[in-house]
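It should be emphasised that the depicted structure is a prediction, and the values quoted were computed from it without experimental measurement. Here, residue 1 is the first one in the sequence, and each next residue gets the next number. Atoms within each ligand, like the ligands themselves, are counted from 1 in listed order.
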Amino acid sequence: MSGTSLTRPIWPHPTREGVVQVIDQRLLPHTLKILDLHTVEDAIEAIRTLTVRGAPLIGASAAWAMYLAACTAPEGGITDAWMEDCCERIKAARPTAVNLAWAADLLMEKVRLTPANENRIQAMYAEAAMITDAEASRCQAIGEHGLCLIRSIYDKRPQKPVHILTHCNAGWLACVEYGTATAPIYAAHRAGIPVHVWVDETRPLNQGARLTAWELGQAGVPHTVIADNTGGHLMQRGEVDMVIVGTDRTTYTGDVANKIGTYLKALAAKDNNVPFYVALPSSTIDWKMKTGAEIPIETRNPDEVRYVQGKDGDGKIQRVLVPPEDSPALDFAFDVTPARLVTGLITEKGVCSASEEGIRSLFPSL
Ligand code: MRU
């Protein structure tokens, strides 16, 4: 597929009020399709089906869903009751990424502050645009802080590229712009530091092989796709300098929920003394949740495990069954990496330890 000049996965339609446009991430990397969302149900469906995905983008999508809710309110007007009902339905779309409820609740707060009907559409639009832009700025800042970590590895042995392993897709597709885990990588690449990324394919839905590889390729960043089981072996051979992953929810004590398989990478990193960093905007911190055991872990349709999708020799997208017809499958979407396995959190405010003390040192007022 040819190059794209897009840098965001969601935006309001430039000329049509009440329409939000998104990249359909289910079809990448082989097809770049833009979808129009017209209703709150369209937006909920897009979140549920992973048409839009990744914690910060799920948050931004929830915000735009509230805008669509205001635009499509029934006869009685944009009442609190209608918006509250939409807000609850949006929040139920997926359970793990905390950004979803965070953003929907912020918009609901804005509804309550805006007198009934009066300017509620404009208020929702402005708030959704603000949340989207703020996530992009947070990701840009994460890039600058993470760049320092990559630079310090490079400066110690400048004769070879810095090899970074990442899991899933925590790039601009997942995060509105720049990405979280990828922001430091893009910043290092732009700064002329040679980097090479090991991209975990990330079964079952292959967000790494499909999305991260596509993003990095578009940006000209050297990378290699590996099967999910390869990371530990590469670490034992000294071929991974650091791991950077994203997160869907981080407790205020530093436990990290991220795409299934992240925990195993953290264990392998610990055993091999490879630094394991988690990059996140503050919108992904759950200030009410103490331990990772409390994080709701999404289970999805086992067909995501049983089938794989890709392009065949004739250029057609095909979905094929891998295991025997009647073998049952189980599809957990996320796992929890305990704080003790995390070297540091890279946030928009700087890098801190994965601990309550570390997090509160950067975000004293939250
Ligand atoms: O199920 P997804 O695709 O929405 O999962 C989200 C992710 O891509 C990751 O877990 C990611 O690393 C954190 S979101 C920036």
(request) Compute the minimum heavy-atom distance from Asp248 to ligand 1 and say whether it is under 4.0 Å. (result) yes
(request) Using a 4.0 Å heavy-atom threshold (strictly under), name the region of Cys175 that reaches ligand 1: side chain, backbone, both or neither. (result) side chain
(request) Check ligand 1 against Ala170 and write out every atom of the ligand that is under 4.0 Å from a heavy-atom position of the residue. (result) 12 (O), 15 (C)
(request) Test His167 against every option in Asp228, Val243, Leu264 by the side-chain contact (heavy atoms from CB on, under 4.5 Å) rule and name the one that passes. (result) Asp228
(request) Examine the proximity of ligand 1 to Thr247 and report which part, side chain or backbone, both or neither, has a heavy atom under 4.0 Å away. (result) backbone
(request) Do me a favour and list the nearest non-hydrogen protein atom to atom 8 (O) of ligand 1 with residue, atom name and distance? (result) Arg53 NH2, 2.5 Å
(message) Below a 4.0 angstrom heavy-atom separation, can you tell me which part of Gln207, side chain or backbone, both or neither, approaches ligand 1?
(response) side chain
(message) Among all protein heavy atoms in this structure, tell me which lies nearest to atom 14 (S) of ligand 1, with the distance rounded to 0.1 Å.
(response) Ala55 N, 3.2 Å
(message) Once rounded to the nearest 0.5 Å, what's the spacing between atom NE2 of His145 and atom CG of Leu362?
(response) 8.5 Å
(request) Please round to the nearest 0.5 Å and tell me the distance separating atom CD1 of Ile47 and atom CZ of Arg94. (result) 9.0 Å
(request) Might you work through the side-chain contact (heavy atoms from CB on, under 4.5 Å) test for Gln309 and Ile317, ending with a clear yes or no? (result) CA-CA 7 Å; Gln309 178 179 298; Ile317 304 298; 3.7 Å; yes
(message) Going by salt bridge (charged side-chain N to carboxylate O under 4.0 Å, His left out), name the residues that satisfy it together with Arg210, two or more places apart in sequence or in a different chain.
(response) none
(message) Among all protein heavy atoms in this structure, tell me which lies nearest to atom 11 (C) of ligand 1, with the distance rounded to 0.1 Å.
(response) Asn258 OD1, 3.2 Å
Enumerate donor-acceptor pairs with a distance under 3.5 Å from any side-chain N or O in residues 267-277 to protein atoms, sequence neighbours excluded.
unit_1	atom_1	unit_2	atom_2	d
Lys270	NZ	Arg340	O	3.3
Asn272	ND2	Ala268	O	2.7

(message) Under 4.0 Å from a heavy atom of Phe334: which atoms of ligand 1 are those, numbered in the order shown and with their elements?
(response) 1 (O), 5 (O), 10 (O)
(message) Among Ile164, Leu165, Asn169, Leu216, which residue satisfies the side-chain contact (heavy atoms from CB on, under 4.5 Å) criterion with Val199?
(response) Leu216
(message) Determine whether Tyr186 and Trp172 satisfy the following criterion, ring pair (Phe, Tyr, Trp, His ring centres under 6.0 Å), listing intermediate values before the conclusion.
(response) CA-CA 10 Å; Tyr186 291 136; Trp172 66 264; 8.8 Å; no
(request) Please indicate whether any nitrogen or oxygen in His167 is less than 3.5 Å from any nitrogen or oxygen in ligand 1. (result) no
(request) Determine whether the aromatic ring centres of His196 and Trp198 lie less than 6.0 Å apart. (result) yes
(message) Tell me whether ligand 1 is touched by Gln25 - counting only heavy atoms on the residue side and a distance under 4.0 Å.
(response) no
(request) Any atoms of ligand 1 less than 4.0 Å from a non-hydrogen atom of Arg94? List them with their elements. (result) 1 (O), 2 (P), 4 (O)
(message) Tell me the contacting part of Glu298 for ligand 1: side chain, backbone, both, or neither, using a 4.0 Å heavy-atom threshold, strictly below.
(response) neither
(message) Please list, in number order, the atoms of ligand 1 under 4.0 Å from a heavy atom of Pro56.
(response) 15 (C)
(request) Indicate, as side chain, backbone, both or neither, the part of Ala333 found under 4.0 angstrom from ligand 1 when only non-hydrogen atoms are considered. (result) neither
(request) Report the nearest protein non-hydrogen atom to atom 5 (O) of ligand 1: residue, atom name, distance rounded to 0.1 Å. (result) Lys259 CE, 3.3 Å
(request) Could you label the plane-to-plane angle of the Trp287 and Phe363 rings as parallel, tilted or perpendicular, counting under 30° as parallel and over 60° as perpendicular? (result) perpendicular
